[in-house]
Each structure stands twice: as structure tokens, then as C-alpha cells.
K.L.:
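Below is a structure I'd like to ask you about.
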Amino acid sequence: MPLQLLIYPIVILIANTIGAISGMGGGVIIKPALQIFDLDSVLIINFYSSVAVFTMSITSTLKQLHAEQHINMKYAIWLGIGSVIGGALGDFTFKQIYDALGDDLSVVVQMVLVIISLILSLYGSSGHIQPLYLAGTSVMFMSGLGLGWLATVLGIGGGPINIACFLVLLGLEIRPATIYSIITIFFSQGAKIIQALASKSIMNVDPLMIIVIIITALLGGWLGAIISNRITEKRILMLFNLVVVFVLILDAGNLIGYLV
């Protein structure tokens, strides 16, 4: 456990700071980074990652709203409702996959799906796809439902997929897209955590580790929101693309390590 207490907070602080700036949420970095060290099962790592990005999303959203970043509250509410339902369904789906395939094989399946989703996210944010400019509460609800489900199944918080979805489907600029992405992460990961605790499927979680994760995640979300409000949208998009490429390399390395 001492090794986890040293490594996990550093990874989570860096990941959540970057995640809050770019709207990715941090989970996309946390999960593959922690899997490299192989100190816990994929189930435990998924739970720690969810706690980290959920905590980050609270401070980041509050900081953005305090900085008067304007969002449509009706859209945010319907996005949140869809994300809660999607997050709960996604957690159930992942449990079924985990029970059917076991720890090692479920990791491989997750990695492959994450790699595919990251490639699609990178293409979606590249500007090569004409935005659809969809609008309405039903669109936000369905977006939250789908993104919440996918994010929880993949165990990465869903940030890159969220951003690409909001850029392409809604035609948003990168800054409001990051805020809506963080809102989606908040509700979907919150639903996942509640469901995991209620079902008592997470039995080997260290309470001290949870406290450390919450503290570092809060700090990361706060720092990321401050930086996000001080840099241009062009730099946010650049950071987003760089992180996606980095995580693609990280996940590909993890996948090769598991298969070899």
C-alpha cells in the first residue's frame, strides 16, 4: 500500500489538472497510467478513477461557473439526467463483462474499445467533420445517456468522447464543450460510484487511499479550472489533441504488454 500512496496521488493530480483544462476529466489518463504499475485489479482501478474524476468535476464546474462561463442550464440538467441513467447502465454492463471474462480479458477488451474511441475522438475534434448543430433537450438527454454509458463501460470518464460529440453533434466551441463534458462526467461517474457502493461490489478499497485521492483530485480540478480560464480556446484544443495522442500511445503500450 505505501507504493500506491506515493504513485496514485501524483498521477491523479497531474491527470485531473490536465483533464479539467481540456474537459477530458482525467480518467482517460489515470486508468492506463495506474494499469502500468499493476498494483490493483481493474475493478479497483476503475473505482479509484471514478472517484478522482467525480471529485475533480465538482471543483472544476464550480470554478467555471464562478468565472461566469455561460452555459444553458436547461441543457445541462437534461444532459445530467441522461448521464445518470447512462452511468448506471454502463456500470451494470461493465460488471457483466467483468464477470463473464475475468480480470485479464476484460482489461484487454476495455483497452481495445478505448483505443478505438480515442481514434474516433481525435478525428471528431480535427475539424474534418462538418458539425450538425443539433439542439434541444431531447438531444442533450440522449447525448448524456449514450456518453454516460460509454464512459462508464470504458472506465475512463469519457472526456475525449464527450468533447468530440459536443463539437460534432452540437457544433459547440471547445470551451463550452469542455464545461458540458465535465458536467456529463460528474453525473455519470456519480451514478457509477453510488451503484458500486450500494451493490457492495467494491470490497477491497482502502479508506485512506480514497481520502488521498479526493484531496489530490480536488486540487487538480481547482488548478485546471484556473488555467483553463486563462488560456485561449486554440490552446485548449491543442492540449486536448496532444493528450489524446499521448493516451493512445500509453494504451497501445499497455495492450501490447498484456498480450505479450
Side-chain angles (χ1 to χ4, degrees), residues 16 19 23-28 30-31 34 40-61 71 73-103 106-107 109-111 113-114 116-117 121 136-166 169-170 179-205 210 213-214 217 221:
N16 273 4
M24 301 176 94
V28 69
I30 294 169
K31 188 172 178 294
L34 296 187
D40 283 303
S41 71
V42 63
L43 208 59
I44 298 296
I45 289 176
N46 276 0
F47 184 76
Y48 285 154
S49 177
S50 293
V51 171
V53 296
F54 174 74
T55 306
M56 177 280 301
S57 67
I58 297 173
T59 52
S60 179
T61 301
I71 60 171
M73 289 307 298
K74 180 186 282 189
Y75 280 10
I77 290 170
W78 280 101
L79 182 68
I81 294 171
S83 300
V84 168
I85 299 171
L89 292 174
D91 187 59
F92 173 79
T93 303
F94 175 74
K95 291 293 192 315
Q96 299 303 308
I97 295 173
Y98 185 85
D99 291 340
L101 303 180
D103 193 70
S106 62
V107 168
V109 170
Q110 264 195 332
M111 285 181 181
L113 292 175
V114 167
I116 293 171
S117 68
S121 299
T137 54
S138 60
V139 172
M140 298 304 286
F141 173 78
M142 293 305 296
S143 296
L145 184 68
L147 293 173
W149 178 83
L150 190 59
T152 310
V153 169
L154 298 180
I156 59 171
I161 309 161
N162 298 349
I163 296 293
C165 175
F166 295 137
L169 295 184
L170 307 182
I179 298 173
Y180 283 121
S181 174
I182 297 295
I183 291 172
T184 305
I185 290 167
F186 169 78
F187 284 103
S188 65
Q189 298 306 296
K192 176 181 176 179
I193 292 169
I194 291 172
Q195 188 163 335
L197 293 174
S199 64
K200 298 180 180 179
S201 58
I202 304 295
M203 303 300 293
N204 299 319
V205 172
I210 294 294
I213 286 173
I214 289 173

K.L.:
By ring pair (Phe, Tyr, Trp, His ring centres under 6.0 Å), which residues pair with Phe187, not counting sequence neighbours?
P.N.:
none
K.L.:
Indicate the ring-plane relationship of Phe54 and Phe186, choosing parallel, tilted or perpendicular according to the 30° and 60° boundaries.
P.N.:
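It falls in the parallel class, under 30°.
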K.L.:
Scan for side chain to side chain donor-acceptor pair (under 3.5 Å) pairs involving residues 139-149, sequence neighbours excluded, and state none if there are none.
P.N.:
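Side chain to side chain donor-acceptor pair (under 3.5 Å) check on residues 139-149 returns Thr93-Trp149.
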K.L.:
Which pair of non-hydrogen atoms, one from Ser106 and one from Leu101, has the smallest distance, and what is that distance?
P.N.:
N-CB, 4.0 Å
K.L.:
Out of Ser181, Ser188, Ser121, which one pairs with Asn162 under the side chain to side chain donor-acceptor pair (under 3.5 Å) rule?
P.N.:
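Checked Ser181, Ser188, Ser121 against Asn162; only one passes side chain to side chain donor-acceptor pair (under 3.5 Å): Ser181.
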K.L.:
Are the charged groups of Asp91 and Lys95 less than 4.0 angstrom apart, N to O?
P.N.:
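Salt bridge: yes.
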K.L.:
If you take all heavy atoms of Ile193 and Ser50, which pair is closest and at what distance?
P.N.:
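Taking Ile193 first and Ser50 second, the nearest heavy atoms are CD1-O, 3.6 Å.
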K.L.:
With Ile194, which residues qualify under side chain to side chain contact (heavy atoms under 4.5 Å, CB included), at least two apart?
P.N.:
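Partners of Ile194 by the side chain to side chain contact (heavy atoms under 4.5 Å, CB included) criterion come out as none, since no residue qualifies.
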K.L.:
Once rounded to the nearest 0.5 Å, what's the spacing between atom CD of Gln110 and atom CG of Leu113?
P.N.:
8.0 Å
K.L.:
To the closest 0.5 Å, what do you measure between CE (Met142) and CG (Leu147)?
P.N.:
10.5 Å
K.L.:
Rounded to the nearest 0.5 Å, how far does OG of Ser83 lie from CD1 of Ile185?
P.N.:
9.5 Å
K.L.:
For the residue pair Phe94 and Val153, what are the closest heavy atoms and their distance?
P.N.:
CD1-O, 3.7 Å
K.L.:
Which heavy atom in Ala52 sits nearest to a heavy atom in Ala217, and how many Å separate them?
P.N.:
O-CB, 3.3 Å
K.L.:
Who pairs with Ser57 by side-chain hydrogen bond (donor to acceptor under 3.5 Å, both in side chains), at least two apart in sequence or on another chain?
P.N.:
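So Ser57 forms no side-chain hydrogen bond (donor to acceptor under 3.5 Å, both in side chains) with any residue.
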K.L.:
At their closest point, which heavy atom of Ile182 faces which heavy atom of Gly19, and how far apart are they?
P.N.:
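Closest approach of Ile182 to Gly19, heavy atoms only: CD1-O, 4.1 Å.
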K.L.:
With side chain to side chain contact (heavy atoms under 4.5 Å, CB included) as the criterion, how do Val139 and Leu170 come out once you've worked through the C-alpha distance, each side chain's angles and the decisive distance to 0.1 Å?
P.N.:
CA-CA 9 Å; Val139 172; Leu170 307 182; 3.7 Å; yes
K.L.:
Starting at CG of Leu150, measure out to CG of Leu89 and round the result to the nearest 0.5 Å.
P.N.:
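One gets 12.5 Å once the value is rounded to the nearest 0.5 Å.
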K.L.:
Are any side-chain N or O atoms of Ser49 and backbone N or O atoms of Ile45, one a donor and one an acceptor, separated by less than 3.5 Å?
P.N.:
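Pair absent, no side-chain N/O of Ser49 close to backbone of Ile45.
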K.L.:
What do the steps show when you test Val114 against Lys31 for side chain to side chain contact (heavy atoms under 4.5 Å, CB included), and what is the final call?
P.N.:
CA-CA 11 Å; Val114 167; Lys31 188 172 178 294; 5.6 Å; no
K.L.:
Show the nearest heavy-atom pair for residues Met56 and Gly221, with the distance to one decimal.
P.N.:
CG-CA, 3.5 Å
K.L.:
Keeping Tyr75 on the side-chain end and Gly136 on the backbone end, is there a donor-acceptor pair under 3.5 Å?
P.N.:
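Indeed, once roles are kept as given, a pair shorter than 3.5 Å links the two residues.
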K.L.:
How would you list, by chain and number, every residue that makes a ring pair (Phe, Tyr, Trp, His ring centres under 6.0 Å) with Phe166, sequence neighbours excluded?
P.N.:
none
K.L.:
Drop me the distance from Ile213's CD1 to Asn16's CG, to the nearest 0.5 angstrom.
P.N.:
10.0 Å
K.L.:
What pairs with Tyr98 under side-chain hydrogen bond (donor to acceptor under 3.5 Å, both in side chains), at least two apart in sequence or on another chain?
P.N.:
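With neighbours one apart ignored, the set is Asp103.
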K.L.:
Go through Ile210 and Tyr48 one step at a time and tell me if the side chain to side chain contact (heavy atoms under 4.5 Å, CB included) criterion holds.
P.N.:
CA-CA 7 Å; Ile210 294 294; Tyr48 285 154; 3.7 Å; yes
K.L.:
CE of Met140 to OG1 of Thr184: how many Å apart, nearest 0.5 Å?
P.N.:
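These two atoms lie 7.0 Å from each other.
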